[in-house]
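Heads up, the thing below is written out as structure tokens.
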Amino acid sequence: MVEKLLELIEGENPRRPFTDEELAGRMKVHRERIMELRMQAGIPDSRERLRRALIPEFRQLSAARPGLSERAMTAALNQMGYEVSRYLVKRLREELSRERSGEALGSGDTLGGGDTLGGGDTLGIRGPFGGGDALVSEAAPSGAKSSERGKSAPGGSAWEGGEEDVFCGVIGFDGGLKNQINQAKAAVLYPPSGLNTLIIGASGSGKTFLAETMYRFALQKKVLEAGAPFVVFNCADYAENPQLLISQLFGYVKGAFSGAKENKRGLVEEADGGILFLDEVHRLPNEGQELLFYLLDKGEFRRLGDSGPPRRVKVRVIAATTENPESSLLLTFRRRIPMIISMPCLKERPIEERYVIIRTFLGREARQIRRQLVVEWPVVAALLTYPCGGNVGQLRSDIQVLCAEAFLASVSMGRPKVRIKAEQLKGALEDSRGSSGAVSARIPGFGRDLTITPEGGSDEGTEAADCAEAESLYQLIETAFEELGGRELGQEEVLEQVQSRINRYLNLPEPGQDCPSKTSLETFVENMVDRRLVEATRRGIDLAKREFPRLQDDLYSLLAIHLEAVLNNLKAGSYSASADTARIRRENSREYQVALAMVAQISKELDAAIPVEEAARITVYLKTFRSRIQSRPKRIRVIILTHGQVGVSMAEVVNAVMDMDLAVGVAMGLTESYQVALNRVIELAGVVDEGKGILLLVDMGSLTEIGDAVMEKTGIPVRSIARVDTLMALDAVRRASLEDASLDEVAQAIRWSQGFPAEPARTGEGLKPALITVCLTGEGNARRLKGYLESSVLNASDDIAIFEIGLLNAQRQREEIDRIRREYHILAITGTMDPEVPGIPFYPMGYVFSSQGLLALMGLISEYQGQKTSLIDVVRPELILFEPEPTITKNEIIDGLCASMETAGAVTDGFLLSVYKREMMGSTCMTQEKIAVPHGDSAFVTKPAIAVAKLAKPVVWSEDNVADLVFLFAFDNSCRKYAEKFSQLTEEKQRISNIRGARSKEEILKYLNF
């Protein structure tokens, strides 16, 4: 993969290098994987690569045309192919000026790694203090740094010599924020070194701004030395890669992990003598919190991989979180942060303060557009009263959107004033229109339009990065209007296209476009299907939702794959129109008319002639994805009764996967009597029954008697089935959710499916196993799914056939499945719709794309193959750590087991780091069993192995969890049989007890051989 990465980077435009996100999309991997590959190959990030091209050309352009204004310089660089803002140009000029004074431009940390190239992925757009937490704009702190890797903030030390308390510039300093500011001052001034502080509050409430102001106050009061650093780190930036997060904070030594080719300072060292601000600190993993606790407690830390003496620093820590600290932060960490400041939401602030904040933001926009701004009173009233969930940050963004739209209208009509009208209001703002009665008459100019001039719009200063962002936005509007105005476009089309550019700039959705979190299937579709087709399909679904508002969102993924297959077949000349159009149109006239409109719209957008027959196929999709969510007055309910918590967990998983609430789990204590359990189930049955009966799934055959007793006591129909597992529960809930299903039909079908896998291959008939993938045509989603199964589920050694079947012709579908059943043992059917074949389990396509679905299919295949598997195939004496010293720690156990695996040739040197990365993602300890199961990335496994540690004394493995047995897995995709065998081991309590009592490695091996 490194070669592919190098190839992409070598071919990139040096003036617009690929970001990690873009590289991840092209290589179809996660962004974190790209970061690891870059580090492994010593490839700098996109900002560093941009620096190499930008700085020399900036120098040349400055020397050749020294009289260029910042605006002209920005335009010139952008014409050369860059994407930079005026703010970045200003910063580069400042750096060039310092270079002429003897300081080096682009060396060290000045511009390296994106330090002064602005924050985020868009260079020069958002500076470190340009986020949504601002309460009032001020100049940025001197020496301040932010991260991805500590970006230097602009500005001088203007606060150090001033007499006025810097907090006096904060709106609400003597009102709504008085208590918070007093707490902040106390934290800064408390001798001898201040108090570490945690700021709690909703997103946009001002946490970041308060931390910055505390830093400026510390400089002003000379608690910190002039030029002391203010380092900002957002823990969420690396939350998906905890090990990388920790290395960013604490640094690392050469050889700490693959790609660590030199020693690297962390942000903790960069903050020495100043303040380290940790935003979204709840995203810091437990190990990181423990390391931070040690830093706060001792003032010492070690770089990642450093075994030498600890390093000492003098750092004050300010942390911020939107979460409840008691549930998201370790107790040990919280104890070292004595000062906790809670920021109020915007709705909790006095309305007079909200009015001043609104005037401040409007004044900033007036200065950027250099025009008089008139805001109609209904708009002011709406801004004062609407439920602003994102607090001050959202208020600022909403005001900027209103100003941008009004500025666009002003430019298009040639008017000198910019007027924000009431009809511009949308969403929550529109809902609050006409609410002036709720606004206090103490507001200046109550009931009158508000006029803001560029010269006197606001008394507050303007933070440089925010200025650059606003100015860049209005420059974008002017440039876009001039560019589009020269084309042969109507006024309405010009306005629409400019508005679209504004939306993209501000990361706003287009009208009618939702922004849901992506499922695995959506991610797969967006990586594999042409982007234009995906977007056209989305808009087609939006069209359908006008007629069917409750249409399921996930339809677009399946429809996009289907249409891609249609277009490919049309190009190849192999398209077949096999839909029974007349019947489908006759039986589903409403859906068919909508489908026709969708086909016409998508064809027009793609400039492709999609056959009208596809309207029939889309009709079937519409009908299916409408009926899935129609409410049912009565349903069969499923109760899962097991010894221990297994049934409860199983019900939660099934409900989550199927997006239903049909299953209820009941945990029966190991010592609980039959009568107590019966009484609990009777009570539960009376609560959950909806009139169609209850399907009782139990783990032991003896518990099926409870079903008969419940039916006798309550009169509720109950059918019981034993030996429940997750697959059975999934099948039961799916079948119980069907509208016309009866309790007896569901119970009978599940019993058939439970007995079915035991037939052909194990009775000597010699039938080969098979899987079936289905969709409407048998070509689009079915073919995609087949490819996915071949690459993700099956091994080269698996002799399993996969058949694709279309569902449009029911008779042909039944004949095809019957033909396959005569020649193959069908393990399962998966696809977009359930063909309802008795005795064969069905897995929805979305479920198969999830990790649970993959594991379920792998387990099904392993169970069918029925191979004799023993754990001693992968456990050898040299891989067993037998009763080491009682003082041994978790990390020493992992290090020792990984070293033995590497010596045995089972893993390569990157495996150890991958194990630690997995540990940072969450506990690998089985709580009740006290068994730890750490594991690493299969990419570093050369041959399957399990290393075992049998401890004389339990060790702390994670918070509230201890382990006295450790099984470290080095597995690849061929090892599911060993995973299944290990699962069986954990269920055999006596065998586990024997391993704990073993007196030698040989005894451990004896008990593992079963």
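Every value quoted in this text rests on a predicted model; they were computed, and no experiment measured them.
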Reported CZ-to-CG distance for the pair Arg719 and Leu696, which is rounded to 0.5 angstrom: 11.5 Å

Pair Arg812 + Glu815, salt bridge at N-O below 4.0 Å: no

Sub-4.5 Å side-chain heavy-atom contact between Leu23 and Leu5: yes

Check: Arg819 and Glu816 side chains under 4.5 Å, non-hydrogen atoms: yes

Reported NZ-to-CG distance for the pair Lys981 and Asp873, which is rounded to 0.5 angstrom: 10.0 Å

Side chain to side chain contact (heavy atoms under 4.5 Å, CB included) between Ile805 and Thr773, worked out: CA-CA 6 Å; Ile805 292 181; Thr773 62; over 6 Å; no

Pair Val638-Val664, side chain to side chain contact (heavy atoms under 4.5 Å, CB included): steps then yes or no: CA-CA 6 Å; Val638 179; Val664 181; over 6 Å; no

Closest non-hydrogen atom pair between Ala609 and Ser603, with its separation: C-OG, 4.4 Å

Test item: Leu559 and Met598 side chains (from C-beta on) under 4.5 Å apart, heavy atoms: yes

Residue pair Leu596 / Ala615: nearest heavy atoms and the distance that separates them: CD2-CB, 3.7 Å

From CD1 (Ile640) to CD1 (Ile721), nearest 0.5 Å: 11.5 Å

Electrostatic pair Glu535:Arg532 at N-O distance under 4.0 angstrom: no

Salt bridge present between Arg635 and Asp661 (N-O < 4.0 angstrom): yes

Closest non-hydrogen atom pair between Leu827 and Pro769, with its separation: CD1-CB, 4.0 Å

Smallest separation among heavy atoms of Met728 and Ala722, with atom names: CE-O, 3.4 Å

Within-4.5 Å side-chain heavy-atom neighbours: Lys692 and Leu743: no

Point-to-point distance, once rounded to the nearest 0.5 Å, from NZ of Lys4 to CE of Met27: 7.0 Å

Side-chain touch Arg590/Phe548, heavy atoms, less than 4.5 angstrom: yes

From CA spacing to verdict: side chain to side chain contact (heavy atoms under 4.5 Å, CB included), Leu563, Thr537: CA-CA 8 Å; Leu563 291 176; Thr537 306; 3.9 Å; yes

Reported CD-to-CD distance for the pair Glu3 and Glu7, which is rounded to 0.5 angstrom: 10.0 Å

Asp607 CG: over 12 foreign heavy atoms closer than 6.0 Å: no

Check: Val594 and Leu622 side chains under 4.5 Å, non-hydrogen atoms: yes

Trace of the side chain to side chain contact (heavy atoms under 4.5 Å, CB included) decision for Leu695 with Ile639: CA-CA 6 Å; Leu695 186 65; Ile639 295 178; over 6 Å; no

Considering all heavy atoms, the nearest Ala970-Val941 contact: O-CG1, 3.7 Å

Donor-acceptor contact below 3.5 Å, side chain Ser914 vs main chain Asp937: yes

Sub-4.5 Å side-chain heavy-atom contact between Ile826 and Ile820: yes

Step-by-step salt bridge (Lys or Arg N to Asp or Glu O under 4.0 Å) determination, Arg784 to Glu564: CA-CA 10 Å; Arg784 282 283 190 192; Glu564 184 196 37; 2.4 Å; yes

Arg26 and Leu8, any side-chain heavy atoms less than 4.5 Å apart: yes

Separation of Ile618 CD1 from Glu591 CD (nearest 0.5 Å): 13.0 Å

Pro611 versus Val566, closest heavy-atom pair with distance: CD-CG1, 4.3 Å

Donor-acceptor contact below 3.5 Å, side chain Gln601 vs main chain Arg539: yes

